Amino acid sequence: MARSKGRSGRPYRRLRDQVRAASRVCWICGHAIDLTLPPRHPLSWTLDHLVPLSKGGDPLDPSNARAAHYRCNSGRGNRLRARQPTTSRRW
C-alpha cells in the first residue's frame, strides 16, 4: 500500500500529535497556546508549516512543522516568512 500524502492519513495525524505534545508556544507571535479552546477559536492550536505546502513544503517533514495560533497561521497565509511586528513611532 502506498504511503499517504497530504494532510489526511495516519502519518499526518501522528506528526500533528507530536508537535502538539512538544510545543505550546506559537512560533509566529511567541505567546502561549491554550489547548482547551475549540478548533476554530482565533487563539486555538493549529499546525503550521514553515515552508507552505503551496510553495513545495513537505507536509510530513517534522522540521517543517510548527505550532501556531489559528489567527497567526491564517494571517500568515502562504508567505515564506511570518510578518514582522511593526513598531510604533510613538515611544
Side-chain angles (χ1 to χ4, degrees):
M1 181 155 43
R3 181 176 164 193
S4 173
K5 285 290 212 177
R7 292 178 280 180
S8 63
R10 189 174 295 146
Y12 185 80
R13 286 193 306 267
R14 190 177 304 129
L15 173 65
R16 185 189 63 208
D17 293 343
Q18 288 172 352
V19 173
R20 186 177 175 117
S23 181
R24 306 241 167 116
V25 176
C26 177
W27 80 275
I28 298 172
C29 72
H31 290 97
I33 301 172
D34 184 0
L35 299 179
T36 63
L37 295 172
R40 297 288 181 176
H41 189 279
L43 297 177
S44 66
W45 187 94
T46 187
L47 182 70
D48 189 20
H49 293 91
L50 187 61
V51 178
L53 303 181
S54 65
K55 305 282 186 185
D58 184 2
L60 301 177
D61 183 9
S63 65
N64 193 33
R66 303 282 191 272
H69 289 115
Y70 182 76
R71 175 176 42 197
C72 296
N73 190 359
S74 297
R76 178 173 171 254
N78 71 341
R79 289 184 289 280
L80 290 174
R81 293 181 177 251
R83 267 190 221 168
Q84 296 298 323
T86 57
T87 56
S88 159
R89 291 190 167 256
R90 289 186 186 176
W91 296 39

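In this text the structure is predicted, and so the values were computed from the model without any measurement.
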Undergrad: Identify the two heavy atoms, one from D58 and one from L53, that lie closest to each other, and give their separation to 0.1 Å.
TA: C-CD2, 4.1 Å
Undergrad: Per the salt bridge (Lys or Arg N to Asp or Glu O under 4.0 Å) rule, what does the pair list look like for residues 35-45, sequence neighbours excluded?
TA: none
Undergrad: Just verifying a value: how many Å separate R66 CZ and L50 CG, rounded to the nearest 0.5 Å?
TA: 4.5 Å
Undergrad: More than 12 heavy atoms of other residues, nucleotides or ligands under 6.0 Å from NE2 of H31: is that the case?
TA: no
Undergrad: Would you name the heavy atoms of V25 and G30 that are closest together and state the gap between them?
TA: CG1-O, 3.4 Å
Undergrad: Could you go through L47 and Y12, starting from their C-alpha distance and side-chain angles, then the distance that decides it, and tell me whether this counts as side-chain contact (heavy atoms from CB on, under 4.5 Å)?
TA: CA-CA 10 Å; L47 182 70; Y12 185 80; 3.3 Å; yes
Undergrad: Looking at V51, is its backbone amide N or carbonyl O close enough to the side chain of H49 to form a donor-acceptor pair, meaning the two atoms are under 3.5 Å apart?
TA: no
Undergrad: How far apart are the closest heavy atoms of A68 and I28, and which atoms are they?
TA: CB-CD1, 4.2 Å
Undergrad: Rounded to the nearest 0.5 Å, what separates atom CZ in R71 from atom OG1 in T46?
TA: 13.5 Å
Undergrad: If you compare all heavy atoms of A65 against all heavy atoms of V19, which two are closest, and at what distance to 0.1 Å?
TA: CB-CG2, 3.8 Å
Undergrad: Show every side chain to side chain donor-acceptor pair (under 3.5 Å) that has at least one partner inside residues 15-24, sequence neighbours left out.
TA: none
Undergrad: Which heavy atom of S44 sits nearest to which heavy atom of P38, and what is that distance?
TA: CB-O, 3.2 Å
Undergrad: Can you give me the closest heavy-atom contact between H69 and A32, atom names plus distance?
TA: NE2-O, 3.0 Å
Undergrad: Applying a strict under-4.5 Å side-chain criterion to I, L, V, M, F, W and Y, I'd like to know whether L15 and W45 cluster together.
TA: yes
Undergrad: Side chain of R76, backbone of N73: donor and acceptor closer than 3.5 Å?
TA: no
